Amino acid sequence: EMAFHDTSRSGRIPTMTDYHGYTLGVLGERGCALASPGKAGGGASTLFYRPYESWAHTSEWRVSLPPGEDVVAVAAGSTWVAAVT
């Protein structure tokens, strides 16, 4: 679980609960990127991005990688997210 405690910008404390087993993460300028490894038995590795301030209802996104390809590092800038596999 991740929680921010500076409410000076939006007046609320956003929280995230990990339901996917994320083991990697980065806090970028505009959002956070999280990644989970592939599961034994063929489950896909997942890359997830959630902006701090949402301008649209569907502004977060998730990508499942092909079987056998795992995210080993993540990075995020102001306009991009990168994953090393």
Side-chain angles (χ1 to χ4, degrees):
E1 184 173 313
M2 173 179 69
F4 295 90
H5 298 284
D6 178 7
T7 59
S8 63
R9 292 176 60 188
S10 65
R12 66 180 183 90
I13 300 173
T15 61
M16 294 179 88
T17 302
D18 179 5
Y19 296 109
H20 299 282
Y22 297 118
T23 58
L24 298 170
V26 63
L27 301 176
E29 289 182 46
R30 296 185 179 176
C32 67
L34 304 169
S36 65
K39 309 289 188 279
S45 181
T46 303
L47 177 64
F48 172 73
Y49 176 77
R50 181 174 178 185
Y52 302 133
E53 297 180 17
S54 175
W55 57 269
H57 228 36
T58 57
S59 57
E60 65 184 42
W61 51 264
R62 182 180 338 267
V63 175
S64 296
L65 277 63
E69 188 172 5
D70 286 334
V71 177
V72 296
V74 292
S78 62
T79 60
W80 55 270
V81 173
V84 177
T85 61

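Computed from a predicted structure; not experimentally measured.
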Novice: Give the minimum heavy-atom separation between Lys39 and His20, together with the two atoms involved.
Specialist: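 Shortest heavy-atom contact: NZ-O, 3.4 Å.
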Novice: Please tell me whether Val71 and Val26 are part of a single hydrophobic cluster in this structure, the criterion being side-chain heavy atoms less than 4.5 Å apart.
Specialist: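 Result: yes, single cluster for both.
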Novice: What heavy-atom pair brings Ser45 and Ser36 nearest, and what distance separates the two atoms?
Specialist: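 Distance-wise, the nearest heavy atoms are OG-O, 2.6 Å.
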Novice: Give me the atom names and distance for the closest heavy-atom approach of Thr46 to Ser64.
Specialist: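 Closest heavy-atom pair between Thr46 and Ser64: OG1-OG, 4.2 Å.
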Novice: Treating Ile, Leu, Val, Met, Phe, Trp and Tyr as nodes and any side-chain heavy-atom pair under 4.5 angstrom as an edge, say whether Val81 and Val63 lie in one connected cluster.
Specialist: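 Linked, Val81 and Val63 end up in one cluster.
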Novice: Where do Ser78 and Arg30 come nearest, in terms of heavy atoms and distance?
Specialist: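 Looking at all heavy atoms of both residues, the closest pair is O-CD, 3.2 Å.
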Novice: Following the transitive rule for hydrophobic clusters with a side-chain heavy-atom cut-off under 4.5 Å over Ile, Leu, Val, Met, Phe, Trp and Tyr, establish whether Tyr49 and Leu34 coincide in one cluster.
Specialist: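 Shared cluster, no.
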Novice: Got a second to check how far Leu47's CG is from Asp70's CG, nearest 0.5 Å?
Specialist: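 Answer rounded to 0.5 Å: 12.0 Å.
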Novice: Do Leu65 and Val74 belong to the same hydrophobic cluster, where Ile, Leu, Val, Met, Phe, Trp and Tyr are linked whenever their side-chain heavy atoms lie under 4.5 Å apart, directly or via other members?
Specialist: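 Linked, Leu65 and Val74 end up in one cluster.
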Novice: Return yes if some donor-acceptor pair links the side-chain N/O of Tyr52 with the main-chain N/O of Gly28 below 3.5 Å, else return no.
Specialist: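 Confirmed, Tyr52 side chain pairs with Gly28 backbone.
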Novice: Looking at every non-hydrogen atom in both residues, tell me the closest pair between Pro37 and Gly21 and how far apart they are.
Specialist: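 So the minimum-distance heavy-atom pair works out to CD-O, 3.7 Å.
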